[in-house]
2 protein chains.
Amino acid sequence: MNASPDSHRRQQPPQPSQSANASKSPRRRGAERTRELLEVTLAMADEVGYGGLSIEAIAWRAGVGKHTIYRRWSSLPELLLDTLEHVWVSDFDYRTTGSIRDDLREQFIRSSQGLKSPPLGPIYRAVIAAAQSDEQLRETIHARFLATVESRTLARVRLAQDRGELRSDVDLEPTIDVLAGSLYYRWVLTTRPVDEGVIDALIDMFMDAYGRSDHSAGG
Amino acid sequence: MNASPDSHRRQQPPQPSQSANASKSPRRRGAERTRELLEVTLAMADEVGYGGLSIEAIAWRAGVGKHTIYRRWSSLPELLLDTLEHVWVSDFDYRTTGSIRDDLREQFIRSSQGLKSPPLGPIYRAVIAAAQSDEQLRETIHARFLATVESRTLARVRLAQDRGELRSDVDLEPTIDVLAGSLYYRWVLTTRPVDEGVIDALIDMFMDAYGRSDHSAGG
DNA sequence: CAGAATGCGACACGGACCGTGCCGATAGAT
DNA sequence: ATCTATCGGCACGGTCCGTGTCGCATTCTG
């Protein structure tokens, strides 16, 4: 589907030649070009949002033939996945220095802020959109990005169990989907912000359920 | 974005004239046509999935000019929203006859089964995909469908509070997003099924947090 | 340093859909 | 019987896809 109502009339003045940032130095090749294409994709996602992302537009913007892109990626979502990896920042990991409550909270807030702002937001949305009609892509998203988040979350809450902050009589693994996924609801399906209200509601529920009152907890 | 790798080569043999189910009786008009178009959309979503849904394909399948569709809906997502209403079945409401635990569980299972299968699944996915590049559409989805789910969920858990099944010292409103949204994570972002495992994990967490052990609850 | 191999930009296709405009036919309302 | 809105059919220009071809530039190999 071509979603946006104005998905025509895009970016692309039918100018005969390349854009500004190309053709300065000698023709780039190989890995150098690959890196440049990822950067251009990033910049475009930032400037024009997901609606303006197409292989033709990216190629034109980079001053490049479409083949140069297709030689590297088989489709736009493939390119976007690699681009996503550039912004799926390493600091998406949990601190282990505070209470489990504080560390979860900080991490969730950090994640929600990442989603909120370009360029991660638009690119992630584009991939999610494409994945709705492509089960394979959904699998890839989970394997390349979300599985890591889930296992880090599990590791963090298990550490809290070991430290006696959480009840030790429950297996927390099944709850990981709830912890990792709850915040997506607002982001993907509504226009309400993923704010501290939802985050606190989630953490409160989690702590009320599995916290040990003799340690931290609250409610 | 045009996601699926094979999003070309579609449905549409360039046959000169209409398909089977048209042209039997005299030309239909007005509301009658509208209903028929919704049904055709439904049937196509069922048969060819979301990848095969386009205004041209629907028009051809219904033996109709594109104008007849554009006269009624401004875009494919608009048509899909109305189609969704046809399958967003009324039984997506909570029973109030069992324990809160059982009623939540039954409702969640019912919802997940609806998502799993055509025609609701494909159409909903198509709308969600389109909504990623269209904030207005996201707002519409929430207003037309999800807000109802949320308020029904809130009503059901508040009833449980009144009945003494849940702690009365907490405002459950903030938790509604978690209850209503958790299950979407798997469905939208992974290929793992929304099975009873996740559902039970969610409900367990909820009941552990807000249930009253003197009533039902469990660990 | 010369020649081969390969990456590259430019351009051109055919195809799917989009959204619109125009036509003559047809159906319901007057 | 006439009038008018709706209809189906057709064609258009436009965007983007994915592929193919060509001649040049760069880099590798000998």
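Lettering follows sequence order; numbering is per chain, from 1.
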Practice task
Determine, step by step, whether Gln113(B) and Ser117(B) satisfy the side chain to side chain donor-acceptor pair (under 3.5 Å) criterion, reporting the C-alpha distance in whole Å, the side-chain angles of both residues, the deciding distance to 0.1 Å, and the verdict.
Solution key: CA-CA 7 Å; Gln113(B) 279 168 348; Ser117(B) 46; over 6 Å; no

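When rounded to the nearest whole Å, the span between CD1 of Ile58(A) and P of dG9(C) equals 15 Å. Glu56(B) has its CD atom 10 Å from the C1' atom of dG19(C), to the nearest Å. Between the NZ atom of Lys66(A) and the C1' atom of dC16(D) there is a distance of 7 Å, rounded to whole Å. Nucleotide dG7(C) holds its P atom 19 Å from the OH atom of Tyr70(A), rounded to whole Å. Here the P atom of nucleotide dC16(D) and the OH atom of Tyr50(A) are 13 Å apart, to the nearest Å. The distance from atom CZ of Arg71(B) to atom P of dG21(C) is 13 Å, rounded to the nearest whole Å. Whole-Å rounding puts the Glu32(A) CD to dA25(D) C1' distance at 14 Å. As a whole-Å value, the separation of His67(B) NE2 from dA5(D) P is 16 Å.
Applying the salt bridge (Lys or Arg N to Asp or Glu O under 4.0 Å) test to residues at least two apart or on different chains, the pairs with a partner in residues 175-192 of chain A are Asp177(A)-Arg186(B), Asp177(A)-Arg192(B), Arg186(A)-Asp177(B), Arg192(A)-Glu150(B), Arg192(A)-Asp177(B). Counting only residues at least two apart or on different chains, the salt bridge (Lys or Arg N to Asp or Glu O under 4.0 Å) pairs with a member in residues 41-54 of chain A are Glu47(A)-Arg61(A). Among pairs with a residue in residues 67-83 of chain A, those fulfilling salt bridge (Lys or Arg N to Asp or Glu O under 4.0 Å) read Asp82(A)-Arg144(A), at least two apart in sequence or across chains.
Minimum atom distance to the side chain of Leu76(A) is reached by dC17(D), of the listed dC18(C), dC17(D), dG9(C).
Comparing the axis of the opening five pairs of the helix from dC1(C)-dG30(D) to dT30(C)-dA1(D) with that of the closing five pairs yields an angle of 10°, rounded to 10°.
Take Asp195(B) and apply the side-chain hydrogen bond (donor to acceptor under 3.5 Å, both in side chains) test, not counting sequence neighbours, and it matches no residue. Every side-chain hydrogen bond (donor to acceptor under 3.5 Å, both in side chains) that Thr191(A) has, sequence neighbours left out, goes to Glu139(B).
Thr68(B) has a side-chain polar atom (N or O) that falls below the 4.0 Å cut-off from OP1 or OP2 of dG8(D). OP1 or OP2 of dG9(C) has at least one side-chain nitrogen or oxygen of Arg33(A) nearer than 4.0 Å.
A cation-pi arrangement is absent between Arg138(B) and Trp187(A), since the terminal nitrogen or guanidinium carbon is not both under 6.0 Å from the aromatic centre and inside a 45° cone about the axis.
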